[in-house]
Amino acid sequence: MALLSIDDALAAVLGRVHPRPPEPVASAQAAGRVLAADARAAVDLPRFRSSAMDGYALRAADAPGRLPVVERVAAGAPASRPLEPGEAMGIATGAPVPEGADAVVPLELVAIGNDWIETPAVAAGDNVRPVGGDVEAGAVVLAAGTRLGPAQLGALAAAGIATASCAPRPRVAVLSTGTELRRPGEELGPGQIYEANATMLAALFAAAGAEVEVLEPVADNEAAHRAALERGLAADVLVTSGGVSVGPHDLVRRIEAELGVEEVFWGVSVKPGKPLAFGVRGETLVFGLPGNPVSSLVSAILFVRPALDALQGAEPGPHYAAGTLAAGVRPSPGRDQLVRARSRREGGETLLEPLSGQDSHMIARAATADALVLVRAGEEPAAGDPVLYLAL
């Protein structure tokens, strides 16, 4: 069969992605969501001149010298009057700097008496946070396409943004196929194995912001496949595992075609993950991943996760980083490879040590990897050569 390159296959996938209309989401509930529009500050941040230190507010022109302490200012409790020349006020971190003061001297730099301080010289503006020094009211806090993590949610809250416009979470249905599959913990009979792919893929897609439904694994018979696939096609994205090759028990592609799925391509020039199928039915994206666990995982990282990013308006990956091989890699003449590796920092660079056991069924060994090293077809990179890799 004619195999697409990784880049051409990804372009074919992303060309079929149509983001859904945005929806308002309470900022406090928006973890993991992607902004569909710029989020703009409702207030200046800080809203008022505030102290960056515990110390004393004063006029720089009055330092150095001994100054009477006439009041103490706490966060949320502004001074009762302006500061007069020749005075100081005790002040807490984050408290409003009183009118008339233009500097704050840190507590540890002053000598303290009963109602006075002896202060060293300070400059105007020292330890005073200006109004809007972080962001001004109306300015963009976070741009459209930003995925909201803890720091981003904190910024929205601090800037008074109670509701954000976000892309909907894609609904993903995950279906594993194979008569041999059993749930972990069940007793295994002859020729049976534990089903792992659905658990693995669901975790990957949830981390990418999707709402995931894991369907019951189906045996290799047409009726079971048809019912499960029809249910999965109601989602925004259907991801199947297994059953996409050309054997007599590989039913997925044929039954999907009967259910109206238009196959865009089948087969990618990549190792692992060659027998990947991708199609569409209406707005639903349909991925048929290989059954071997590592092949399934690599295919999902290369193609499904970028589609989920694009559905949410985020910049789609995969996002490669630069590193250096710590040991050589055997060439793959006909296909690009994604080589499982362990990374470490050394001498200011990322060194990547390929793992032993690169077969596509070796998920236990793959679980010790934290990187996928991209090796182009026919290349035979040696220790010390620069490479691109995906962090896991």
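Treat the numbers as computed from the prediction; the structure is a model and nothing was measured. Residue numbers run from 1 in the order of the sequence given.
- Contact annotation: the side chain of K274 approaches that of R335 to within less than 4.5 Å [non-hydrogen atoms, C-beta and beyond].
- Note: L259 CG to R226 CZ = 5.5 Å, rounded to the nearest 0.5 Å.
- Side-chain contact between H225 and T177 is present, with heavy atoms from C-beta onward closer than 4.5 Å.
- When all heavy atoms of A202 and V214 are compared, the closest pair comes out as CB-CG2, 3.7 Å.
- Under 4.0 Å is where a charged nitrogen must lie from a carboxylate oxygen, and between E256 and R281 no such pair does.
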Requested in this report: Please step through side-chain contact (heavy atoms from CB on, under 4.5 Å) for the pair L10 and L302, ending with a clear verdict.
Outcome: CA-CA 8 Å; L10 181 59; L302 290 180; over 6 Å; no
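- Of all heavy-atom pairs spanning P306 and A300, the tightest one is CD-O, 4.3 Å.
- A salt bridge links R254 with E258: the distance from a Lys NZ or Arg NE/NH1/NH2 to an Asp or Glu carboxylate oxygen falls below 4.0 Å.
- From L390, atom CG reaches atom CZ of R305 across 7.5 Å, with rounding to the nearest 0.5 Å.
- Within the structure, every pair that satisfies the side chain to side chain donor-acceptor pair (under 3.5 Å) test and touches residues 290-302, not counting sequence neighbours, is listed here: N292-S360.
- A single hydrophobic cluster is seen to contain both V13 and L297, as judged by linkage of ILVMFWY side chains at heavy-atom distances under 4.5 Å, directly or through other members.
- Under a 3.5 Å cut-off, the side chain of W266 and the backbone N or O of R253 do not form any donor-acceptor pair.
- For residues 284-341, every residue pair satisfying the ring-ring contact (aromatic ring centres under 6.0 Å, His included) rule, not counting sequence neighbours, is listed here: F278-F287.
- Between E283 and R16, none of the side-chain N atoms (NZ, or NE/NH1/NH2) sits under 4.0 Å from a carboxylate O, so this pair counts as no salt bridge.
- R72 is not listed as a side-chain neighbour of I91, based on a closest heavy-atom distance of 4.5 Å or more.
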Requested in this report: Given side chain to side chain donor-acceptor pair (under 3.5 Å), test T324 with E349 step by step and report yes or no.
Outcome: CA-CA 7 Å; T324 302; E349 62 182 356; 3.0 Å; yes
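- Within the 3.5 Å criterion, the main-chain N or O of V25 finds no donor-acceptor partner in the side chain of Q29.
- Remark: S165 engages P22, A36, A37 in a side-chain contact (heavy atoms from CB on, under 4.5 Å) (not counting sequence neighbours).
- Note that CD of E353 and CG of D370 are 11.5 Å apart. Values are rounded to the nearest 0.5 Å.
- Pairs engaging residues 195-206 under the side chain to side chain donor-acceptor pair (under 3.5 Å) rule: S176-E195, N197-S241 [sequence neighbours left out].
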Requested in this report: Any chance you could lay out the side chain to side chain donor-acceptor pair (under 3.5 Å) test for T350 and R344, step after step, and finish with the verdict?
Outcome: CA-CA 6 Å; T350 300; R344 67 178 188 273; over 6 Å; no
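- The nearest pair of heavy atoms linking D44 to A137 is OD1-N, 2.8 Å.
- Around CD of E136, the count of heavy atoms belonging to other residues, nucleotides or ligands within 6.0 Å does not exceed 12.
- Qualifying side-chain contact (heavy atoms from CB on, under 4.5 Å) partners for A173, counting only residues two or more places apart in sequence or in other chains: L215, A235, L238.
- In plain terms, the two heavy atoms of V17 and P19 that are nearest each other are O-CD, 3.8 Å.
- Here the CG-CD distance, from L181 to Q192, works out to 9.0 Å after rounding to the nearest 0.5 Å.
- None of V73, L58, L67 except one satisfies the side chain to side chain contact (heavy atoms under 4.5 Å, CB included) rule with M89; the exception is V73.
- In this structure, V387 shares a hydrophobic cluster with L325, V329, V339, L352, V373, V375, Y389, the cluster being traced through Ile, Leu, Val, Met, Phe, Trp and Tyr side chains under 4.5 angstrom apart.
- Proximity of a side-chain donor or acceptor of R59 to a complementary backbone N or O of D102 within less than 3.5 Å is not detected.
- Sparse packing is recorded around CD of E99, with 12 or fewer heavy atoms of other residues, nucleotides or ligands lying under 6.0 Å away.
- Of all non-hydrogen atoms in L308 and P170, the two that sit nearest each other are CD2-CB, 4.0 Å.
- Rounding to the nearest 0.5 Å places CG of D220 at 3.5 Å from OG1 of T179.
- Two different hydrophobic clusters hold V97 and V105 under the rule that ILVMFWY side chains link at heavy-atom gaps under 4.5 Å.
- S269 places a side-chain N or O within donor-acceptor distance of the main-chain N or O of G334, the cut-off being under 3.5 Å.
- A donor-acceptor distance shorter than 3.5 angstrom exists from the side chain of R20 to the backbone of H18, with no hydrogens or angles considered.
- Residues E23 and R33 form a side-chain contact, since some pair of their non-hydrogen atoms from C-beta on lies under 4.5 Å apart.
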Just list the side-chain donor-acceptor pairs under 3.5 Å for residues 106-135, sequence neighbours left out, or say none.
residue : atom : partner : partner atom : Å
E118    : OE1  : R66     : NE           : 3.1
D126    : OD2  : A123    : N            : 3.0
N127    : ND2  : V104    : O            : 2.8

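- Nearest heavy-atom pair across G242 and V252 is O-CG2, 3.5 Å.
- For residues 372-385, every residue pair satisfying the side chain to side chain donor-acceptor pair (under 3.5 Å) rule, not counting sequence neighbours, is listed here: D336-R376.
- Summarising the local packing, CZ of R183 is surrounded by 12 or fewer heavy atoms from other residues, nucleotides or ligands at distances under 6.0 Å.
- At least one side-chain heavy atom of L175 sits under 4.5 Å from a side-chain heavy atom of V218.
- Looking only at side-chain heavy atoms (C-beta outward), L251 and E222 come within less than 4.5 Å of each other.
- Hydrophobic clustering, with ILVMFWY side chains joined whenever heavy atoms are under 4.5 angstrom apart, groups F205 together with V280.
- Listed by chain and number, the hydrophobic cluster partners of Y194 are L188, where partners are ILVMFWY side chains within reach of under 4.5 Å, directly or through others.
- Cluster annotation: V237 and F265 are assigned to the same hydrophobic cluster (Ile/Leu/Val/Met/Phe/Trp/Tyr, side-chain heavy-atom contacts under 4.5 Å, transitive).
- Between V141 and L45, every side-chain heavy-atom pair lies at or beyond the 4.5 Å cut-off.
- Separating the CG atom in L153 from the CG atom in L148 is a distance of 5.5 Å, to the nearest 0.5 Å.
- The closest side-chain heavy-atom distance from M200 to I363 is below 4.5 Å.
- A salt bridge does not link D236 with R169: every distance from a Lys NZ or Arg NE/NH1/NH2 to an Asp or Glu carboxylate oxygen is 4.0 Å or more.
- Listed by chain and residue number, V43 satisfy the side-chain contact (heavy atoms from CB on, under 4.5 Å) test with R47 (two or more places apart in sequence, or in another chain).
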Would you give me the side-chain donor-acceptor pairs under 3.5 Å for residues 74-86, sequence neighbours excluded?
residue : atom : partner : partner atom : Å
S80     : OG   : E71     : OE1          : 2.9
S80     : OG   : E71     : OE2          : 3.2
R81     : NH1  : E87     : OE1          : 3.1
R81     : NH2  : E87     : OE1          : 3.3
R81     : NH2  : E87     : OE2          : 3.1

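- Residues meeting the side-chain contact (heavy atoms from CB on, under 4.5 Å) test with A144, sequence neighbours left out: D38.
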